[in-house]
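Structure incoming, see below.
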Amino acid sequence: MPSLLDGLDDTYHLIITGLRGGKGVPEEVSQHPRAFITFTAPSFGAVHAHRKQSGRTLPCRPRRDRPVCEHGRPKGCGSRHERDDVQVGQPLCVDCYDYIGAVLWNAHAGMLWREFTKTVPSVLARLLGITRTELRRTVRLSYAKVAEYQARGLVHFHAIVRLDGPNGPADRPPDHITIDLLDRAIRRTAGQVAVRIEDGPPSPVRWGDQLDVRPVYVSAELGGLSDQRVAAYVAKYATKGAESAGTVDRPIRHAGQIAGLQVTEHARRMIYTCLSLDELQPYRTLLLRQWAHMLGYRGHFSTKSRHYSIRLGDIRQARADFRAEQARLIMGTAPPDPEKT
């Protein structure tokens, strides 16, 4: 079974081969337009935050007039929270916080990502003034993404999006397909895609306002992120789970277990919300009880398009074959017979 370190290395190689080439991916892929994107969730209520500027920790949510919410709790916080402070990510007022909206956003985040990947080509075609059919003869979109839990218990996505020619990574897109065009298509798509919840709240699920799009180059000196830094960054988050948001790594069978869980109070309320919504008919298909320990998120932590780079299974098989050959040489055993299974 692969170790955590193996998983980190495997994801790094999967990402870097889609940026630099190697392992069957041509090196020319490094010249294709590609961007590193961070998609965030909307706000469902004010939470304590770690804020830093010029190496100095800033007050969490300073409010000069010290207002209070309708429940009598302060709307601001003057404390300076360090990154590992247990208060970071916890709501200023648990009664003001929209726990239903937060859980439903997590439950639909994977669908929202799929809508994004389906819609980008249409937006790109409109920007170029051509049809989707003509676009397919010109450009192919490839991507790899990982999900990360924020301290507030909501997932956000880090993704690499790359534009290839119509035949994939071995085919360079036309010169008029630039990183600026990709940037415009990403931002426009992220602003318009939404997932409506049948029989749910009237507001559809959308991305948050904080969208970060940065070009990826071979070297950071060109004004963007270096491909090596992006690969290391994505690989790090691919090995993290929901425990980073203060919850647990195992399913919760019944509500009686929740009180005894070693979790933050914020995560406990999100888990309770998952189980409560699971009892309601409109949300039965979301399987919120099954995914309560994930705070409602039921998507894959790491996904990629078919033509982005080598498959993760191929990397793992190559490592297993290499280690088996090392062990055979050390032990002095004969090579395996190719005619036998």
Item checked: Lys/Arg N to Asp/Glu carboxylate O, Asp85 vs Arg83, below 4.0 Å -> no

Checklist line | Heavy-atom donor-acceptor pair, Arg162 side chain to Gly18 backbone, under 3.5 Å | finding: yes

Notebook entry, point to check: Quick check, are the ring centers of Phe36 and Tyr233 under 6.0 angstrom apart?
Noted result: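 Judged by ring-centre distance (under 6.0 Å), Phe36 and Tyr233 do meet the cut-off.
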
Next item on the list: For Asp175, enumerate each residue passing the side-chain hydrogen bond (donor to acceptor under 3.5 Å, both in side chains) test, keeping only those at least two apart in sequence or located in another chain.
Entry: none

Item checked: Electrostatic pair Arg73-Asp95, nearest N-O below 4.0 angstrom ->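 Answer for the salt bridge query: yes.
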
Margin query: Is any side-chain heavy atom of Asp209 closer than 4.5 Å to one of Pro42?
Written below: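 No. Closest side-chain heavy atoms not under 4.5 Å.
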
Notebook entry, point to check: Does a donor on one side chain and an acceptor on the other come within less than 3.5 Å for Glu148 and His158?
Noted result: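 Present: a donor and an acceptor within the cut-off.
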
Margin query: Quick check on the 6.0 Å ring-centre criterion: do Phe116 and Phe39 meet it?
Written below: yes

Check: Counting only heavy atoms not in Ile100, do more than 12 fall under 6.0 Å of its CD1?
Finding: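 12 or below, so no.
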
Check: If you draw a 6.0 Å radius around CD in Glu279, do more than 12 non-hydrogen atoms from other residues or ligands fall strictly inside?
Finding: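 Above 12, so yes.
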
Note to self: Salt bridge check, Lys118 against Glu115: does any charged N sit closer than 4.0 Å to a carboxylate O?
What the structure shows: yes

Margin query: Would you say Leu225 ends up clustered with Val234 if hydrophobic residues are merged whenever their side chains have heavy atoms under 4.5 Å apart, either directly or through other cluster members?
Written below: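 Result: yes, single cluster for both.
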
Notebook entry, point to check: Got a donor-acceptor contact below 3.5 angstrom from the Gln257 side chain to the His254 backbone?
Noted result: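 Side chain of Gln257 to backbone of His254, a donor-acceptor pair under 3.5 Å: yes, one is there.
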
Check: Judged by atom type as modelled, is there a donor-acceptor pair below 3.5 Å linking the side chain of Arg132 to the main-chain atoms of Ala125?
Finding: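 Side chain of Arg132 to backbone of Ala125: no pair is present.
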
Margin query: Do Arg34 and Leu19 have side chains that approach each other closer than 4.5 Å (heavy atoms only, starting at C-beta)?
Written below: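 Of all side-chain heavy-atom pairs linking Leu19 with Arg34, at least one is under 4.5 Å.
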
Notebook entry, point to check: Any sub-3.5 Å donor-acceptor pair from Ser309's side-chain atoms to Leu14's backbone N or O?
Noted result: yes

Notebook entry, point to check: Between His156 and Tyr149, is any side-chain donor less than 3.5 angstrom from a side-chain acceptor?
Noted result: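 No - no donor-acceptor pair under 3.5 Å links their side chains.
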
Notebook entry, point to check: Quick one: does Met111's side chain get under 4.5 Å of Arg298's, heavy atoms only?
Noted result: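 When only atoms from C-beta onward are counted, Arg298 and Met111 do touch, with a gap below 4.5 Å.
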
Next item on the list: Run through Asp212, Val216, Ile186 and flag the one making a side chain to side chain contact (heavy atoms under 4.5 Å, CB included) with Ile37.
Entry: Ile186

Notebook entry, point to check: If we only count heavy atoms from C-beta on, is the Tyr217 to Ile179 side-chain gap below 4.5 Å?
Noted result: yes

Checklist line | Check: His81/His48 side-chain N/O donor and acceptor closer than 3.5 Å | finding: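 Checked: His81/His48 side chains pair up, N/O donor to acceptor below 3.5 Å.
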
Next item on the list: May I ask you to say whether Asp227 pairs ionically with Arg229, meaning some side-chain N is under 4.0 Å from a carboxylate O?
Entry: no

Next item on the list: Indicate yes or no for a side-chain donor-acceptor contact from Arg188 to the backbone of Val123 under 3.5 Å, with no hydrogens or angles considered.
Entry: no

Margin query: For the backbone of Tyr143 and the side chain of Ser305, can you confirm whether one donor and one acceptor N or O come within less than 3.5 Å of each other?
Written below: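 Yes.
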
Next item on the list: Evaluate the side-chain proximity of Leu112 to Trp105: yes if any heavy-atom separation is below 4.5 Å, no if none is.
Entry: yes

Check: Are Asp183 and Arg187 ion-paired here, with the side-chain N under 4.0 Å from a carboxylate O?
Finding: yes

Check: So which pairs with a foot in residues 42-70 pass salt bridge (Lys or Arg N to Asp or Glu O under 4.0 Å), sequence neighbours left out?
Finding: none

Check: Within a strict 4.5 Å, meaning less than it, do heavy atoms of the Ile258 and Leu275 side chains meet?
Finding: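 Result yes, sub-4.5 Å side-chain heavy-atom pair found.
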
Notebook entry, point to check: Does one side chain, of Ser142 or His307, offer a donor that lies under 3.5 Å from an acceptor on the other?
Noted result: no

